[in-house]
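In what follows, a single structure is set out as structure tokens and then discussed.
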Amino acid sequence: MKLMKKLGALLLALTMVSALAACSDQGAKDSAEPSKAPETQSAEPSQGAAISVYTNAYFAPFEYYDGTDIVGVDVDVMNLVGEKLGREVTYTNVEFGTIIDTVSAGKLADVGAAGITITDARKEQVDFSDPYFTSGQYVVYPAGTMTPDGKDGDVGYILWDSLAGKKIGVQADTTGDIYVNGEITGEDFDGLLKDTGASETRYDNAQLAVDAMGAGQVDVVVVDYLPASYIVEKNSGYECAALYYDNGDGTVAPTEEQYAICVTKGQDELLKAINDVLAQLGEDGINDLVMKHMGLE
């Protein structure tokens, strides 16, 4: 399998949170209604200029709505940064695709915190913190409509070939979008879905894509691991499995990516404070936050 130019050099070994349950149908639970309008909230006020954080609040457990409040792993991290610097932190819910450009401009937002994957193209626009979570792409599908192609340890996986001819829903401008578009068009990727009849539909958030799947508009949804697990837990009748590449030599490999928080270039003090908080939390601290927001404490 040739290297993918957009992501390959930046994507490291997939390290899942071992205590999280595997993707399965957990029964019906209500999910938050999506909203396109930007909504801003403030953390507890403190001294100094406010830190403006842009996020997309439909990417649980990293950011999601609890009533009218935006909460999640990234919110907890940035609140700690605000405490460290003695500054108020404000959160604005926006479409994911606007975050990098807005933070790059440095006028409306200082920080982007939304489970953002590090890529070379994004690094040209913003500065990234140290990576704090390693993830991979998963396929969400109606229960019984697909069968995993194999298992990698305890992880069931679906190969790209199994998505041939399918209508695939993604969240616009996310890594899932990059992967699916690349495999359909063949641009900078292997083109595993090129000329197979597969198609891609972009949605403002993953929940809207799942709603479209429920309405029969798409067959599957491709989204990051933890959001996929959260969606399956909160929506009845769905299953998910990891999305893997067939290396052609009898081995398989997952899609891989790293999350980081981005800041406007030149915000060195803010970037250092974010990295200090991430270092203080460490892998165990981040995993504890993930567990908390997945309801698995």
**OP:** Take Asp276 and Lys272, measure what salt bridge (Lys or Arg N to Asp or Glu O under 4.0 Å) needs, and give me the verdict at the end.
**Re:** CA-CA 6 Å; Asp276 287 347; Lys272 181 180 184 303; 2.9 Å; yes

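- Checked by atom type, the side-chain pair Asn235/Gln207 shows a donor-acceptor distance below 3.5 Å.
- Taking the centre of each ring, Tyr54 and Tyr91 stay at or above the 6.0 Å mark.
- Side chains of Val103 and Val111 form no contact here, defined as non-hydrogen atoms less than 4.5 Å apart.
- By the side-chain contact (heavy atoms from CB on, under 4.5 Å) test, Leu281 pairs with Val77, Leu80, Val277, Ile286, Leu289, sequence neighbours left out.
- Electrostatic pairing of Lys265 and Asp127 counts as a salt bridge here, judged by a charged N lying under 4.0 Å from a carboxylate O.
- Checking Asp149 against Ser162 by side-chain atom types alone, a donor-acceptor pair falls below 3.5 Å.
- In this structure, the side chains of Asn205 and Phe96 stay at 4.5 Å or more apart for every pair of heavy atoms.
- Within the 4.5 Å cutoff, no side-chain heavy atoms of Val71 are placed close to those of Glu63.
- Checked by atom type and distance alone, the side chain of Asn181 never pairs as donor or acceptor with a backbone atom of Asp177 at under 3.5 Å.
- For the residue pair Asp74 and Gly115, the shortest heavy atom distance occurs at OD2-N, 3.0 Å.
- No hydrogens or angles considered: a donor-acceptor pair under 3.5 Å links the side chains of Gln137 and Asp224.
- For the residue pair Asp101 / Gln125, a side-chain donor-acceptor distance below 3.5 Å is found, with atom types taken as modelled.
- Of all the heavy atoms in Thr55 and Ala114, the pair that sits closest is OG1-CB, 3.8 Å.
- Proximity of Val290 to Phe133: side-chain heavy atoms (C-beta onward) are separated by under 4.5 Å at one or more points.
- Two rings, from Tyr58 and Tyr65, have their centers less than 6.0 Å apart.
- Judged purely by distance below 3.5 Å, without hydrogens or angles, the side chains of Tyr244 and Asp152 pair a donor atom with an acceptor atom.
- For the residue pair Thr175 and Glu257, a side-chain donor N or O sits within less than 3.5 Å of a side-chain acceptor on the partner.
- Using a cut-off of 4.0 Å between Lys/Arg side-chain N and Asp/Glu carboxylate O, Arg202 and Asp173 are scored as not salt-bridged.
- The ring of Tyr141 has its center no closer than 6.0 angstrom to the ring center of Tyr238.
- Between Tyr225 and Tyr138, the ring-plane angle classifies as tilted under the 30° and 60° cut-offs.
- Annotation: side chain of Tyr259 is in contact with side chain of Thr117 (closest heavy-atom distance under 4.5 Å).
- Aromatic ring orientation, His293 versus Tyr64: perpendicular (interplanar angle above 60°, classes split at 30° and 60°).
- A 4.5 Å side-chain heavy-atom check between Gln171 and Tyr203 finds every atom pair outside the cut-off.
- Asn56 and Glu95 share no side-chain donor-acceptor pair at under 3.5 Å.
- Considering only heavy atoms from C-beta on, Met294 comes within 4.5 Å of Ser229 through its side chain.
- Distance alone, capped at 3.5 Å, is enough to place a donor-acceptor pair between the Asp110 side chain and the Ser52 backbone.
- For the residue pair Asn79/Glu83, the side-chain donor-acceptor check at 3.5 Å is not satisfied.
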